[in-house]
Amino acid sequence: MQQRKIQTVAIFGGGPAGATLGTYLARKGLDVAMFADGKRPPLIVGESLVPAVVPYLRELGVEDEVASFGTWKGGATFVYNQEYRLNIWFDQVRGGGTPTYSYNVPRDLFDACLRNAAGRAGVRIIEQKGTIERDGDSRRMLLSAESLEAAAHVFGGRQPDWIVDAMGRGRGIPKLLDLPVDAGERRDTALHAHLQGVEVEVATNVHTDRLSRGWCWRIPLPGRVSVGFVLDTAFARELGDSAEEQYDTFLRRDPVMREWAKSGRRITPVVRYSNYQARVRCGIGENWALVGDAFGFVDPVFSSGMLIALQSAKALSAAICDGSPRAFETYDAYVKANLDAWRGVITRYYDGRLLTMFKRGENVQRHIWGKLMSFHFRKHMPRIFTGDDVTNRYSAWLVEFMSTYGLYGHDPEEYRIL
Ligand SMILES: Cc1cc2nc3c(=O)[nH]c(=O)nc-3n(C[C@H](O)[C@H](O)[C@H](O)COP(=O)(O)OP(=O)(O)OC[C@H]3O[C@@H](n4cnc5c(N)ncnc54)[C@H](O)[C@@H]3O)c2cc1C
């Protein structure tokens with residue numbers, strides 16, 4: 001990679017990562033074309049935003065609009081089983097400066113809102129699927145003749161200086177270059193639908209319920225609740241052939257869900273996602289970069305995806321404006337560190353250590369030393385739930401230390417996600 005001045009950029013994908021990147025670049029005066037194919041399933045996951053997303057919404061100038069179509073989110077409720085719940089209130093998290101609330105959003109409206117913001121910033125949105133090609137045997141990327149023509153009003157028929165893959169988990173460039181992709185540890189299936197008549201325990205909170213198998217989210221949206229299950233793929237197959245059959249069967253069978261879903265009515269088809277944990281080993285090349293899910297996605301639990309997409313978009317815009325190899329290497333390392341930090345925390349959710357640690361933490365608060373410790377922990381632990389600086393070394397170390405040595409004989413197996 002050579003130091004260069006980058007003036008023209010083609011972005012493939014008009015989801016949150018692509019649109020946000022486009023906005024930041026256009027505001028810096030770059031000429032940006034964004035291909036947005038507009039192909040979306042009937043509903044899209046990624047509806048629960050962590051508080052650390054809010055500063056991005058403010059920077060993009062869209063917070064009021066998001067507030068108008070989303071629901072206000074004040075915290076997170078973790079359902080361990082039929083008896084025990086843990087409520088995390090964002091306004092009780094100490095320090096960090098992150099807002100003490102966030103939003104849950106219907107994704108179609110959220111994506112359109114970010115895309116419109118990109119348009120207002122000067123991004124030229126091309127409403128069609130864009131195609132990239134490999135430049136001969138090299139590792140460089142080119143716009144196909146058809147895409148170059150579609151972007152002629154932006155690039156004047158010349159290849160852009162830089163190409164960005166923001167295609168989500170479709171990952172165009174990694175496929176073309178056969179880049180190594182590291183799969184995560186889990187091979188889960190997520191089944192997602194919207195329901196009416198479902199109970200939530202705290203109206204403002206996103207709910208994460210540990211189930212007899214796997215876990216589920218309950219995200220309150222205007223007039224409906226988004227309910228998604230994350231199940232071992234082999235187990236999901238045993239529930240039926242179609243996604244609908246699997247979803248409806250398990251909703252009525254699981255003892256935790258059966259309770260709150262008894263009056264529930266599914267009002268959308270079921271959308272199925274599988275094997276989504278993946279990270280491309282290198283997110284930058286000679287004239288290209290990956291951003292958002294195209295670079296990597298960890299897991300739905302803790303709602304980190306959208307935050308990582310927006311963070312990586314902003315970081316990539318800085319690298320593109322700088323144009324030096326070092327800036328791109330810094331970007332690559334930043335995204336990987338971010339994905340790794342989330343993966344560390346998420347692993348502890350699945351193996352039961354995190355839930356055990358928080359339950360144990362609530363119990364020790366009855367003692368004076370427990371109260372003192374809690375004051376300290378409230379600064380570092382809940383960062384997992386607000387998304388504030390998850391890469392902070394001390395916070396990460398504290399979570400690691402406490403979830404390894406702070407369980408005091410409590411067996412994390414009790415809360416493992418099966
Ligand atoms: C089961 C599950 C649950 C999740 N829940 C949450 C959650 O609650 N909260 C959260 O923050 N995150 C969640 N996520 C993650 C979140 O959905 C993603 O991280 C986020 O959508 C990433 O945005 P993106 O822009 O990178 O990709 P995408 O949202 O996938 O956008 C990519 C866009 O590019 C378009 N496109 C693809 N190829 C082309 C092309 N060649 N030309 C033009 N356009 C193209 C696609 O149609 C799409 O519109 C969840 C993920 C999963 C799998």
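Atoms within each ligand, like the ligands themselves, are counted from 1 in listed order. We're numbering straight along the sequence, starting at 1.
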**Asked** Judged by atom type as modelled, is there a donor-acceptor pair below 3.5 Å linking the side chain of T20 to the main-chain atoms of P16?
**Response** yes

**Message:** Distance check, rounded to the nearest 0.5 Å: Q246 atom CD versus F235 atom CZ?
**Reply:** 10.0 Å

**Request:** List the closest protein heavy-atom neighbour of atom 19 (O) of ligand 1: residue, atom name, distance to the nearest 0.1 Å.
**Result:** D293 OD1, 2.8 Å

**Asked** What's the shortest distance from atom 15 (C) of ligand 1 to any protein heavy atom, and which residue and atom give it?
**Response** F297 CE1, 3.3 Å

**Test applied, side chain to side chain contact (heavy atoms under 4.5 Å, CB included); reference residue, F295; option that passes from I308, L290, L316** = L290

**Request:** Using a strict cut-off of 4.0 Å, indicate which atoms of ligand 1 neighbour a heavy atom of E47.
**Result:** 7 (C), 8 (O)

**Prompt:** Between Y84 and K359, is there a cation-pi geometry (under 6.0 Å to ring centre, at most 45° from the normal)?
**Reply:** yes

**Request:** Show which atoms of ligand 1 fall inside a sub-4.0 Å distance from at least one heavy-atom site of A190.
**Result:** 1 (C)

**Request:** With heavy atoms under 4.0 Å as the rule, classify the contact between A166 and ligand 1 as side chain, backbone, both or neither.
**Result:** backbone

**Message:** Evaluate P300 for polar contact with ligand 1, using N/O atom pairs at a separation under 3.5 Å.
**Reply:** no

**Prompt:** R107 to ligand 1: N or O pair under 3.5 Å?
**Reply:** yes

**Request:** Compute the shortest N/O to N/O distance between S48 and ligand 1 and return yes if it is under 3.5 Å, no if not.
**Result:** yes

**Top protein contact for atom 34 (O) of ligand 1, by heavy-atom distance** = G13 CA, 3.2 Å

**Request:** Could you verify whether a donor N or O on one side chain and an acceptor N or O on the other, from K28 and S317, lie under 3.5 Å apart?
**Result:** no

**Asked** Based purely on interatomic distance, does G130 place a nitrogen or oxygen under 3.5 Å from a nitrogen or oxygen of ligand 1?
**Response** yes

**Request:** Could you list which atoms of ligand 1 come closer than 4.0 Å to a heavy atom of M306?
**Result:** 10 (C), 11 (O), 12 (N), 19 (O)

